[in-house]
Amino acid sequence: MGIATTAIHAGQSPDPTTGALITPIFATSTYAQTTGQQGEPGEVRFDYARTINPTRLALEANIAALEGARFGRAFASGMAGIDCVVRTLSAGDHVICGSNVYGGTYRLFERVVSRQGLSFSHVDTSDVAAVREALRPTTKLIHLETPTNPMMSLTDIAAVAEVSRAAGTRLVVDNTFMSPVLQRPMELGADVVVHSTTKFLNGHSDSIGGVVVTNDEAFDKELGFIQNSAGAVMSPFEAWLVLRGTKTLVARMRQHEESGRQVAEHIAGHRKVKRTYYPGLASHPQRALAERQMKGFGSMVSFEVGDSVDQARRFLKALRLCAVAESLGGVETLISHPATMTHGSIPAERRLALGITPGLVRISVGLEDVEDVIADLELGFAAL
Ligand SMILES: *Cc1c(COP(=O)(O)O)cnc(C)c1O
């Protein structure tokens with residue numbers, strides 16, 4: 001089955017009681033255990049809705065299928081999913097984490113989980129040798145994002161997967177920026193893929209959620225055990241919204257990708273722009289890796305509109321259509337200023353070392369007519 005067919009059908013079949021085509025929102029906390037569905041050999045046992053919910057099950061199967069994985073678990077947020085993965089570890093274990101991962105991931109690892117005796121090394125995973133050198137006998141996980149936000153630095157997933165396999169560690173790839181339509185980490189050797197469904201998978205900026213998928217049945221069972229114990233499950237309503245979102249995922253990603261490219265090319269050729277970061281540009285230093293590993297370059301573009309926060313503000317203030325907002329992956333174009341928004345809590349020197357200069361802005365190109373998005377950006381450039 002092709003990925004568009006999978007997106008629309010995987011995990012879902014008409015409701016057996018009514019034939020309802022769309023998986024209902026099973027708003028129930030518990031299940032009567034006398035309905036005949038219970039306890040039969042091979043039957044799924046529905047007992048309590050923190051543990052199991054049919055709407056959530058449908059979404060978990062849907063996203064697992066999209067990522068080419070056997071098992072999936074849906075969580076209350078992307079962070080809850082990532083948290084569940086690191087909770088499979090024990091005090092004394094070591095994690096190699098990308099040096100420029102999502103700020104919430106950095107905060108969870110450094111300021112919350114590290115208190116429980118886990119240690120983290122932050123490594124530029126685009127340098128495979130650096131990943132190998134950071135390995136310790138206690139290393140249990142490698143967690144990375146590619147492309148990174150907002151610098152669009154890529155990591156060779158297959159190469160890191162090889163290092164991880166040789167060392168007996170687990171490779172976790174956060175695929176939120178690309179979605180399974182544009183990048184399939186499991187096929188490249190990742191052991192676990194995590195998503196914030198809040199972004200492209202739901203795609204409409206109206207829900208928060210996360211998923212974790214894997215092919216390792218024992219690991220999935222462990223995730224399920226922790227998920228049920230800690231309780232950060234995705235609600236049936238959110239699962240229904242994300243199922244609605246993934247039906248159009250392929251069509252949306254194709255248009256995001258097409259518009260993203262056009263916007264990136266327009267920006268890269270603009271006399272008011274100093275630098276543009278987009279994996280699809282010929283000037284991107286890892287363009288060859290992008291072509292090899294990704295099925296498209298996405299719709300996230302970062303660019304420098306000057307040297308100062310003031311210039312970035314002037315640019316953003318002049319926009320009428322693009323919303324200045326955190327988050328990404330929605331149908332509407334969102335634009336942000338990393339130095340004061342998503343990466344504002346990072347010390348200035350560290351931010352600069354990552355390349356996040358005061359004049360850098362990041363756009364998540366939405367599904368409006370691309371001419372309108374470009375015309376809006378021109379309002380910003382005119383104000384510089
Ligand atoms: C948004 C995001 C997260 C966190 O997801 P939430 O749903 O906000 O908890 C994790 N990783 C990446 C790459 C993200 O963009």
Side-chain angles (χ1 to χ4, degrees), residues 56 59 63 67 72-87 95 97-113 122 125 141-155 157 172-183 185 190 192-213 227 230-235 237-239 241-242 245-246 253 256 260 277 279 294 298-302 325-330 334-336 338 341-346 354 356 362-366:
R56 195 172 91 220
L59 178 68
I63 296 182
E67 283 289 359
R73 302 271 169 188
F75 294 85
S77 67
M79 290 322 306
I82 293 168
D83 181 55
C84 187
V85 173
V86 290
R87 277 176 191 248
V95 177
C97 176
S99 52
N100 182 27
V101 292
Y102 179 71
T105 303
Y106 179 80
R107 180 175 57 196
L108 173 74
F109 289 177
E110 277 305 305
R111 298 183 56 194
V112 182
V113 183
H122 299 276
T125 54
L141 276 187
I142 302 174
H143 178 103
L144 63 87
E145 290 172 21
T146 177
T148 60
N149 170 35
M151 301 316 297
M152 310 297 155
S153 161
L154 307 184
T155 289
I157 297 172
V172 182
V173 176
D174 182 335
N175 202 26
T176 299
F177 258 48
M178 285 293 104
S179 90
V181 179
L182 300 182
Q183 181 166 275
V192 179
V193 172
V194 298
H195 272 282
S196 166
T197 61
T198 311
K199 318 295 169 49
F200 289 105
L201 292 181
N202 180 60
H204 294 74
S205 312
D206 54 9
S207 84
I208 293 275
V211 289
V212 179
V213 306
Q227 182 189 41
V233 294
M234 183 184 281
S235 79
F237 176 61
E238 307 276 325
L241 279 175
V242 182
T246 58
M253 292 315 295
H256 274 301
Y277 301 93
M294 298 152 78
S299 64
M300 304 300 299
V301 188
S302 298
E326 299 202 2
S327 198
L328 58 117
L334 302 177
I335 195 158
S336 68
M341 295 168 70
T342 48
H343 293 68
S345 60
I346 297 177
L354 291 170
I356 304 168
R362 186 204 74 184
I363 185 168
S364 166
V365 180

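Counting starts at 1 for both ligands and their atoms, following the listed order.
Thr197 is linked by a side chain to side chain donor-acceptor pair (under 3.5 Å) to nothing, counting only residues two or more places apart in sequence or in another chain. In this structure Ser336 satisfies the side chain to side chain donor-acceptor pair (under 3.5 Å) test with no other residue, sequence neighbours excluded. For the side chain to side chain donor-acceptor pair (under 3.5 Å) test, no residue two or more places apart in sequence or in another chain qualifies with Ser77.
In this structure, Pro150 and His343 have side chains that are in contact, with non-hydrogen atoms separated by less than 4.5 Å.
The aromatic rings of Tyr106 and His122 sit tilted relative to each other, their planes meeting at an angle between 30° and 60°.
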For a distance cut-off of 3.5 Å, show me each N or O of ligand 1 paired with any protein N or O, plus the separation.
from     : atom 1 : to     : atom 2 : distance (Å)
ligand 1 : 5 (O)  : Ser196 : OG     : 3.0
ligand 1 : 7 (O)  : Gly78  : N      : 2.9
ligand 1 : 7 (O)  : Ser196 : OG     : 2.8
ligand 1 : 7 (O)  : Thr198 : OG1    : 2.7
ligand 1 : 9 (O)  : Gly78  : N      : 3.1
ligand 1 : 9 (O)  : Met79  : N      : 2.9
ligand 1 : 11 (N) : Asp174 : OD2    : 2.7
ligand 1 : 15 (O) : Lys199 : NZ     : 2.7

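In summary, of the residues considered (Val194, Val101, Val113), a side chain to side chain contact (heavy atoms under 4.5 Å, CB included) with Ile82 occurs for Val194 alone.
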